[in-house]
Amino acid sequence: MRITAITILLLSLCVSCGNQNKKGKHPSSEKDISLKSNWRITSTTDWVNNQGLLNVESIVHDTSNQVFYASNGENYGLGTDGFISKITKDGTLQELKWIEGLNRPTGMAIRDSLLYVADVNALIVINTKKGTVVERFLEPVTNSGLNDVAINEMGEVYVSASFVHSIFKLKEGKLILWAKDEERLKWANGLVATNKEVIVAGLDMSTIDSDSRHIDSIQLNPSIKDFDGLVPDGNDGFFVTTVENSGFYHINKQMQVTKIMEDAAYFGDLEFDRANKTIYIPRGNRKTNEFYITVCTMEEWSDTKNR
C-alpha cells in the first residue's frame, strides 16, 4: 500500500464514521545497469488495461491453479468496495470481482490453496478452490494499517502494520504483536519471511532475526526510501518498488541499488517468477483512471559474461 498523508487522513475519517503494450522509461543505460545489477528488462507488456481494475495494489501467482490474484479498492479504509480479481496465466481477466465486499485489500501471500490477504484491520484467509473467505483475524492494535503478508517455509504468517511501525504474527489462531520499532520499522510495508529472518521494507529496509527478534538496519548504496513491494531475486538480492517518486529497482547482494524503470504510473506490490524470469507489477495512473498489470521479461547476466 502506498502510504501518504492523504491515505492517513482518509483512514482516520473512515474509522471515525483488451491488452495494451507500453514501454517504461529506462533512465539508466545498459552500461550503468551492468555495473550494479545483473538483471535487465528485455520486454514489457501490459495486461487487462481499462477492464475494471481499481487502484490495483498487489498480485500473487497461484501455481496450483495457474492463475493470478490482484487486490483492488477505492480508498484505504473500512468499507465494502474492495475486491480481488482473477487473471489467467496468459493475461486474460477471468473474473473482475472474484472476491468482493472487502475493505481495501493490499498485500497477499498464498500457501496450500489458502490466500492470505491484508485487509485494513484484519488478515483474511480465502480458500482458493471454493472462492470463499474462510477465516478472519482482527488486528491486535487498533488502526494499525495492515499492509503486506509473508509466509516462511515453515508456514509461519507475518503481516506488516504500517501505521504502528510493527510486524504482527499469526499464532494460535490470532494476530499478535511480534516486533515494533518507531524508526527501523517506520511505515513497515513489503515483507519477505524465511525460517531465519523477516526482511521489512518500509521507509527504510531492515531485517529481524526470527528467534531473538533483534532488528538490524540494511544500508543501501545509493540510499532509496519509502518502499512498497519487496521480492527476492533468488541470488541474495531483491526487486523492489517505491511509493513516492514511484519506481522499480533491483538491489544486488552487495546492497547496491539500480533503478530499472520509472514513468508517470505508480508501481505496486510485485511478484517474481524466477523460473520464467518474469516480473508482474500492478500499475496505474489515477489522473487518467488507467490500471493494469505490467509484465516484464527479464534477462539475467552472468558475473563472468563480458558486458
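- The side-chain hydrogen bond (donor to acceptor under 3.5 Å, both in side chains) test applied to Tyr116 returns no partner, not counting sequence neighbours.
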Would you sort out whether Tyr249 and Ile224 count as a side chain to side chain contact (heavy atoms under 4.5 Å, CB included), showing the intermediate values? CA-CA 10 Å; Tyr249 298 79; Ile224 57 173; 4.0 Å; yes
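- Of the possible donor and acceptor atoms, one in the side chain of Thr128 sits under 3.5 Å from a partner among the backbone N and O of Ser113.
- Between the side chains of Asn121 and Asn103, at least one donor-acceptor pair of N or O atoms lies under 3.5 Å.
- Ion pairing between Lys225 and Asp204 holds under the 4.0 Å rule for side-chain N and carboxylate O.
- The side-chain hydrogen bond (donor to acceptor under 3.5 Å, both in side chains) test applied to Thr297 returns Ser43, not counting sequence neighbours.
- For Asp216, the side-chain hydrogen bond (donor to acceptor under 3.5 Å, both in side chains) partners two or more places apart in sequence, or in a different chain, are His214.
- Remark: the backbone N or O of Leu191 is paired with a side-chain donor or acceptor of Asp148 at under 3.5 angstrom.
- Screening Trp39, Tyr280, Phe238, Phe248 for a ring-ring contact (aromatic ring centres under 6.0 Å, His included) involving Phe272 leaves a single residue, Trp39.
- Scored by the salt bridge (charged side-chain N to carboxylate O under 4.0 Å, His left out) test, Arg274 finds Glu300 as partners (sequence neighbours excluded).
- Listed by chain and residue number, Lys169 satisfy the salt bridge (charged side-chain N to carboxylate O under 4.0 Å, His left out) test with Glu156 (two or more places apart in sequence, or in another chain).
- Under the rule for a side chain to side chain contact (heavy atoms under 4.5 Å, CB included), the partners of Pro140 that lie at least two apart in sequence or sit in another chain are Phe168, Leu175.
- Checked options Thr294, Leu53, Asp228, Val56; the residue passing with Pro282 is Val56 (criterion: side chain to side chain contact (heavy atoms under 4.5 Å, CB included)).
- Here Met154 is tied to no hydrophobic group at all, with no ILVMFWY side chain closer than 4.5 Å.
- Side-chain N/O atoms of Ser71 and Glu57 include no donor and acceptor closer than 3.5 Å.
- For Asp233, there are no salt bridge (charged side-chain N to carboxylate O under 4.0 Å, His left out) partners two or more places apart in sequence or in a different chain.
- Listed by first then second residue, pairs satisfying salt bridge (charged side-chain N to carboxylate O under 4.0 Å, His left out) with a partner in residues 115-131 number zero, not counting sequence neighbours.
- With side-chain heavy atoms closer than 4.5 Å counting as contact, directly or through intermediates, the hydrophobic cluster containing Val117 also holds Val60, Val67, Tyr69, Ile84, Trp98, Ile99, Leu102, Met108, Ile110, Leu115, Ile124, Ile126, Val133.
- A search for side-chain hydrogen bond (donor to acceptor under 3.5 Å, both in side chains) contacts involving Asn127 returns nothing, not counting sequence neighbours.
- Looking at residues two or more places apart in sequence or on another chain, you find a salt bridge (charged side-chain N to carboxylate O under 4.0 Å, His left out) between Lys180 and Glu182.
- Using modelled atom types and a 3.5 Å distance limit, the side chains of Asp273 and Asn276 yield a donor-acceptor pair.
- A centroid separation of less than 6.0 Å is found between the aromatic rings of Trp47 and Phe68.
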